[in-house]
Amino acid sequence: MTVRNARGMTMIEVFIVLVIMGIVMLGTVPRIGQAFRSSRVDRAAGLVALTLERSFTLASRQRRPVTVTCDCANQALEIRDEATGTLYQRRAFGPDTEFQLDSLLMSEASVTVSPSGVATLPLTVTIAAGPSNRQITMSSAGLVRVVH
């Protein structure tokens, strides 16, 4: 009798390993999707905060009041010159952008920021994509925070 050295794996062993790996992957796919969605919401929240901060900078630089408005139907924020209506900045966050937000809501229809650095009202912007959501608050004095 000769002893044959076993090298490699049989097809059944390979198949079993592949099935186990497939089952493990099926359990992680929903978590990966949620992590991507949460990451998009975090990035969008940072950009909303930056846009709100920029309204104070623009008002000061232009020495004219600017208005921050929400085009909530198209999920976009706009900064405009209050007197002339000139559009300084428009940031879109809708489903056709990299952020793919489901909703963008502002607590007020619009907020005016004066050149002295004071907003007419405090503001809360709420963004969401699936179960992930964030709130961005802006005080009348220009303090902007992302609330998790």
Side-chain angles (χ1 to χ4, degrees), residues 8-9 11-148:
M9 298 174 15
M11 288 300 288
I12 293 174
E13 291 169 331
V14 170
F15 183 71
I16 290 172
V17 168
L18 289 176
V19 167
I20 291 171
M21 287 176 55
I23 291 170
V24 169
M25 291 298 289
L26 283 175
T28 60
V29 168
R31 290 186 190 132
I32 292 171
Q34 177 59 29
F36 280 129
R37 195 170 18 260
S38 180
S39 174
R40 283 195 313 264
V41 171
D42 286 341
R43 286 184 294 135
L47 200 53
V48 168
L50 185 67
T51 302
L52 295 176
E53 289 172 351
R54 185 148 195 250
S55 67
F56 284 87
T57 303
L58 283 169
S60 176
R61 186 180 302 152
Q62 300 296 326
R63 297 184 183 163
R64 298 164 65 130
V66 298
T67 303
V68 178
T69 57
C70 179
D71 180 2
C72 295
N74 295 314
Q75 297 167 349
L77 288 177
E78 296 179 346
I79 302 174
R80 293 184 178 271
D81 185 302
E82 185 179 40
T84 64
T86 303
L87 179 66
Y88 290 127
Q89 184 176 30
R90 178 181 172 85
R91 298 255 186 192
F93 300 95
D96 55 339
T97 66
E98 66 180 290
F99 303 107
Q100 300 175 358
L101 295 183
D102 296 331
S103 69
L104 176 109
L105 302 169
M106 273 182 36
S107 60
E108 304 295 330
S110 66
V111 173
T112 302
V113 178
S114 70
S116 63
V118 178
T120 53
L121 300 166
L123 178 68
T124 301
V125 179
T126 304
I127 60 174
S132 298
N133 60 30
R134 300 286 179 273
Q135 285 189 331
I136 303 90
T137 60
M138 180 181 81
S139 70
S140 297
L143 177 64
V144 178
R145 292 183 9 179
V146 176
V147 182
H148 290 277

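Between the CD atom in Q62 and the OG1 atom in T84 there is a gap of 9.0 Å [rounded to 0.5 Å]. Summarising the geometry, atom CG belonging to L87 is positioned 8.5 Å from atom OG1 belonging to T69; distances are rounded to the nearest 0.5 Å. Taken from CZ in R61 to CZ in F56, the straight-line distance is 14.5 Å, to the nearest 0.5 Å. Within the model, atoms OG1 of T67 and CD of E78 stand 11.0 Å from one another, a figure rounded to the nearest 0.5 Å. With rounding to the nearest 0.5 Å, the separation of CD in Q135 from CD1 in I127 is 10.0 Å. Interatomic distance, CD of Q75 versus CG of D96, reported as 8.5 Å (0.5 Å rounding).
Of all non-hydrogen atoms in T97 and A92, the two that sit nearest each other are CG2-O, 3.7 Å. Taking each heavy atom of G130 and D102 in turn, the nearest pair found is N-OD2, 2.6 Å. Between S107 and P122, the closest heavy-atom pair is OG-O, 4.3 Å. Of all heavy-atom pairs between R40 and E98, the closest is CD-O, 3.1 Å. The minimum heavy-atom distance linking R64 with A83 is given by the pair NH2-CB, 3.6 Å. Nearest heavy-atom pair, A45 versus I136, reported as atom, atom and distance to 0.1 Å: O-CG1, 3.8 Å.
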Before you tell me yes or no, could you show the steps for Y88 and R54 under side chain to side chain contact (heavy atoms under 4.5 Å, CB included), namely the whole-Å CA-CA distance, both residues' side-chain angles and the distance that decides it to 0.1 Å? CA-CA 10 Å; Y88 290 127; R54 185 148 195 250; 5.7 Å; no
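Using modelled atom types, one side-chain atom of T120 and one backbone atom of T112 make a donor-acceptor pair closer than 3.5 Å. Of the possible polar contacts, one joining the T51 side chain to the L47 backbone as a donor-acceptor pair under 3.5 Å is found. Under a 3.5 Å cut-off, the side chain of S55 and the backbone N or O of L52 do form a donor-acceptor pair.
More than 12 heavy atoms of other residues, nucleotides or ligands sit less than 6.0 Å from atom CZ of R90. Residue-environment remark: CG (L18) exceeds the threshold of 12 foreign heavy atoms within 6.0 Å.
With contacts defined as side-chain heavy-atom distances shorter than 4.5 Å, the pair N133/V41 does not qualify. Using a 4.5 Å cut-off on side-chain heavy atoms (C-beta onward), V125 and M138 make no contact. Within the 4.5 Å cutoff, the side chain of D42 has heavy atoms near those of the R134 side chain.
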